[in-house]
Amino acid sequence: MLDQNPNFVLSVEGLTVSFDGFKAVDDLSFYVEPNECRVIIGPNGAGKTTVLDLICGRTMATSGSVNFKGQELLSMREDQIVHAGVGRKFQTPSVYEDLTVFENLELSYPHGYSVFGALTFRRNDAVRSRIKEIAKTIFLEALLDEKAAFLSHGQKQWLEIGMLLIQDPELLMLDEPVAGMSVAERKKTAELLNTIIKDRSVIVIEHDMGFVADIATRVTVLHQGKTLSEGSMERVQNDPKVIEVYLGH
Ligand code: ADP
Ligand code: MG
């Protein structure tokens, strides 16, 4: 157990990854508090997705530390990191199209690592009520028996968020969750994020500044793998460095 400031759920320090000598993430440090929604913005190629890949164990860091509630994530495997309470959503939704909303959520319900887990798993009342609760949170309560194939792109994104929420992660990471969504769906997604941070921390990568303003506790502006600016939305929006490299375009 490393020393960990109890005010932080996640402490990223000196995080670096080098791909053939190119540092996609370069000595990056940032700290996430409980119930915080941290938004990472920055130009294409800034290293945003790579930061999430490093935290969730998909990409091996070259150096640095990622401390999650006292555990060093950089020495853990991807499945161990999920088990420790870190959920990650990728850019494209990956739901099971042929299964219903209910079944997609049920499949994601944590039932341990037992070999017989999937076979002995029963739809008991606790599971059902949890699925209904999650479905309500993600605005799909009325569509529980609908096949995922019939959902809109936005509804599929919400379903995938629900599939992560049902595992009750303490840290949820979302890569461009509102890309391709309608304005109305974006508003509802902001509402969804503001609900779910009551019980966890969230890291979101996003480009839509209106959406960022609706959800961000703090914003980190990434540029060439480093922090260019960090703070409230208002602070980073008015930072001349940010205006020059990013918002000014
Ligand atoms: P962003 O999400 O901010 O648009 P990325 O994190 O996807 O940026 O990529 C940052 C940089 O790292 C890009 O130049 C990209 O080409 C490079 N990169 C990302 N992953 C790899 C990899 N596995 N191998 C080599 N280069 C990579
Ligand atoms: Mg990206």
Side-chain angles (χ1 to χ4, degrees), residues 10-32 37-66 68 73-79 81-82 86-95 153-154 156-158 160-161 164 169 171-181 185-186 189-190 193 201-213 215-216 218-231 233 236-237 239 241-249:
L10 187 81
S11 301
V12 174
E13 291 183 333
L15 187 62
T16 302
V17 67
S18 174
F19 298 121
D20 295 324
F22 166 71
K23 285 182 178 171
V25 175
D26 188 2
D27 197 23
L28 179 70
S29 300
F30 68 94
Y31 304 86
V32 179
C37 179
R38 172 67 55 96
V39 182
I40 302 178
I41 65 170
N44 274 333
K48 303 180 298 295
T49 297
T50 306
V51 170
L52 300 197
D53 288 344
L54 290 164
I55 295 171
C56 79
R58 174 164 274 235
T59 297
M60 288 268 279
T62 308
S63 57
S65 163
V66 175
F68 173 67
L73 298 189
L74 294 188
S75 55
M76 289 162 65
R77 287 193 317 265
E78 224 176 330
D79 62 306
I81 293 170
V82 169
V86 179
R88 156 83 184 272
K89 189 192 164 318
F90 293 90
Q91 266 171 277
T92 44
S94 57
V95 299
H153 170 77
K156 284 180 191 171
Q157 297 276 16
W158 294 336
E160 202 183 354
I161 292 172
L164 292 165
L171 174 66
L172 185 60
M173 305 194 291
L174 309 170
D175 200 345
E176 302 192 17
V178 299
M181 279 191 187
E185 286 174 334
R186 282 170 194 239
T189 307
L193 289 184
S201 305
V202 175
I203 300 177
V204 187
I205 294 175
E206 200 41 71
H207 289 292
D208 175 340
M209 296 310 284
F211 178 72
V212 175
I215 59 165
R218 260 183 230 99
V219 178
T220 296
V221 186
L222 208 63
H223 180 54
Q224 298 177 347
K226 293 179 196 285
T227 305
L228 182 72
S229 184
E230 190 172 273
M233 175 77 181
V236 302
Q237 262 184 322
D239 184 334
K241 288 185 302 221
V242 177
I243 293 166
E244 192 186 328
V245 311
Y246 184 53
L247 296 172
H249 291 184

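In this chain, residues are counted from 1 in sequence order. Worth saying up front: this structure is predicted, and the values here are computed from it rather than measured. Order of appearance sets the numbers: ligands from 1, and atoms from 1 within every ligand.
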At what distance is the nearest protein heavy atom to [atom], and which residue and atom is it?
| atom | result |
| --- | --- |
| atom 4 (O) of ligand 1 | Gly45 N, 2.8 Å |
| atom 7 (O) of ligand 1 | Thr49 CB, 3.8 Å |
| atom 26 (N) of ligand 1 | Phe19 CD1, 3.3 Å |

(message) For the CD atom of Glu176 and the CZ atom of Phe90, what is their distance to the nearest 0.5 Å?
(response)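 Atom-to-atom, Glu176:CD and Phe90:CZ are 13.5 Å apart.
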(message) As an exercise, state the distance from CD1 of Ile203 to CG of Leu52, rounded to the nearest 0.5 Å.
(response)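 Nearest 0.5 Å value for the CD1-CG distance: 6.5 Å.
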Can any side-chain N or O of [X] pair as donor or acceptor with the backbone N or O of [Y] at less than 3.5 Å?
| X | Y | value |
| --- | --- | --- |
| Arg218 | Val32 | no |
| Thr62 | Ser18 | yes |
| Ser11 | Tyr31 | no |

(message) Could you tell me, atom by atom, which parts of ligand 1 come under 4.0 Å of a heavy atom of Phe22?
(response)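 So the atoms of ligand 1 that pass are 11 (C), 12 (O), 14 (O).
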(request) For the Mg ion (ligand 2), decide whether Thr49 has an N, O or S atom at a distance under 2.8 Å. (result)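 An N, O or S atom of Thr49 is closer than 2.8 Å to the Mg ion (ligand 2), so yes.
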(message) Polar contacts were defined as any N/O atom of the residue lying under 3.5 Å from an N/O atom of the ligand; does this apply to Ala24 and ligand 1?
(response)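 No; every N/O pair is 3.5 Å or more apart.
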(message) Assess whether a salt bridge exists between Asp175 and Lys48, defined as any Lys/Arg side-chain N lying under 4.0 Å from an Asp/Glu carboxylate O.
(response)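 Salt bridge: no.
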(request) Would you please determine whether Gly47 falls within less than 4.0 Å of ligand 1 on a heavy-atom basis? (result)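 Flag set, Gly47 near ligand 1.
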(request) Return a yes/no value: protein heavy atom under 4.0 Å from atom 16 (O) of ligand 1? (result)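 Under the 4.0 Å cut-off, atom 16 (O) of ligand 1 has no protein heavy-atom neighbours at all.
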(message) On a heavy-atom basis, I'd like to know which of Thr50, Ile41, Asp20 is closest to atom 9 (O) of ligand 1.
(response)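 Considering heavy atoms of Thr50, Ile41, Asp20, the nearest to atom 9 (O) of ligand 1 sits in Thr50.
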(message) So Ile205 and Val51, do their side chains get closer than 4.5 Å, heavy atoms only?
(response)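 When only atoms from C-beta onward are counted, Ile205 and Val51 do not touch, as no gap falls below 4.5 Å.
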